[in-house]
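Have a look at the structure below, then the notes.
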Amino acid sequence: MGHPIKYMIDANGEKTSVMVPLKTWERINAEYSRLQNKIRVFTGINEGLAEIKAAKKTGRKLQNLKDFLRESKRQRNQ
């Protein structure tokens, strides 16, 4: 078993900080990063779906997959 979590308290006995073992912190931080990436992906999907919905309402033509892939390849090669 690792070291226990330790709390720092102020003069009033209120918890102000926490100390966790490094391995625990690394695990928490890795999970946080993974969840942030997941949020970015879901946000991008949500924005894309909103763009499609808006384009359908206005009749605006969207870029097709073939053109998107061609543009992406061109940007990678720059």
Side-chain angles (χ1 to χ4, degrees):
M1 184 158 150
H3 296 101
I5 295 174
K6 297 176 184 175
Y7 296 96
M8 306 295 285
I9 57 171
D10 64 15
N12 297 322
E14 299 291 324
K15 293 178 185 173
T16 59
S17 303
V18 63
M19 292 189 330
V20 296
L22 184 59
K23 293 257 187 234
T24 302
W25 172 249
E26 289 170 343
R27 205 170 49 250
I28 290 169
N29 202 37
E31 179 68 5
Y32 176 77
S33 294
R34 188 184 71 75
L35 290 172
Q36 288 295 333
N37 288 335
K38 197 174 199 177
I39 288 170
R40 278 193 285 278
V41 169
F42 286 141
T43 300
I45 291 169
N46 195 37
E47 289 171 356
L49 292 173
E51 184 179 353
I52 291 168
K53 195 178 211 180
K56 283 183 178 181
K57 282 183 180 179
T58 63
R60 181 172 55 98
K61 187 175 179 185
L62 295 174
Q63 185 179 39
N64 64 37
L65 180 59
K66 187 175 183 178
D67 290 340
F68 171 79
L69 293 174
R70 188 179 302 125
E71 181 182 316
S72 296
K73 184 177 179 182
R74 205 171 33 243
Q75 288 176 354
R76 276 194 317 252
N77 293 332
Q78 291 179 353

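For the numbers below, each heavy atom of this structure counts, side chains included, while hydrogens, waters and symmetry mates do not.
Residues meeting the side chain to side chain contact (heavy atoms under 4.5 Å, CB included) test with K56, sequence neighbours left out: I52. Every residue was checked against the side chain to side chain donor-acceptor pair (under 3.5 Å) condition with N46, not counting sequence neighbours, and none meets it. Take R60 and apply the side chain to side chain donor-acceptor pair (under 3.5 Å) test, not counting sequence neighbours, and it matches no residue. Under the rule for a side chain to side chain contact (heavy atoms under 4.5 Å, CB included), the partners of T43 that lie at least two apart in sequence or sit in another chain are I39, E47. V41 pairs by the side chain to side chain contact (heavy atoms under 4.5 Å, CB included) definition with I45, not counting sequence neighbours.
Chaining together hydrophobic side chains whose heavy atoms lie under 4.5 Å apart places L69 alongside L65, F68. In this structure, I9 shares a hydrophobic cluster with no other residue, the cluster being traced through Ile, Leu, Val, Met, Phe, Trp and Tyr side chains under 4.5 angstrom apart.
Between the side chains of N37 and R40, at least one donor N or O sits under 3.5 Å from an acceptor N or O.
Among pairs with a residue in residues 10-33, those fulfilling salt bridge (Lys or Arg N to Asp or Glu O under 4.0 Å) read E31-R34, at least two apart in sequence or across chains. Each salt bridge (Lys or Arg N to Asp or Glu O under 4.0 Å) pair with one or both residues in residues 62-72, not counting sequence neighbours, appears once here: D67-R70.
Neither M19 nor I28 shares a network with the other; the hydrophobic side chains, linked directly or stepwise wherever heavy atoms of I, L, V, M, F, W or Y lie under 4.5 Å apart, form separate groups for each.
Of all the heavy atoms in P21 and P4, the pair that sits closest is CD-O, 4.5 Å.
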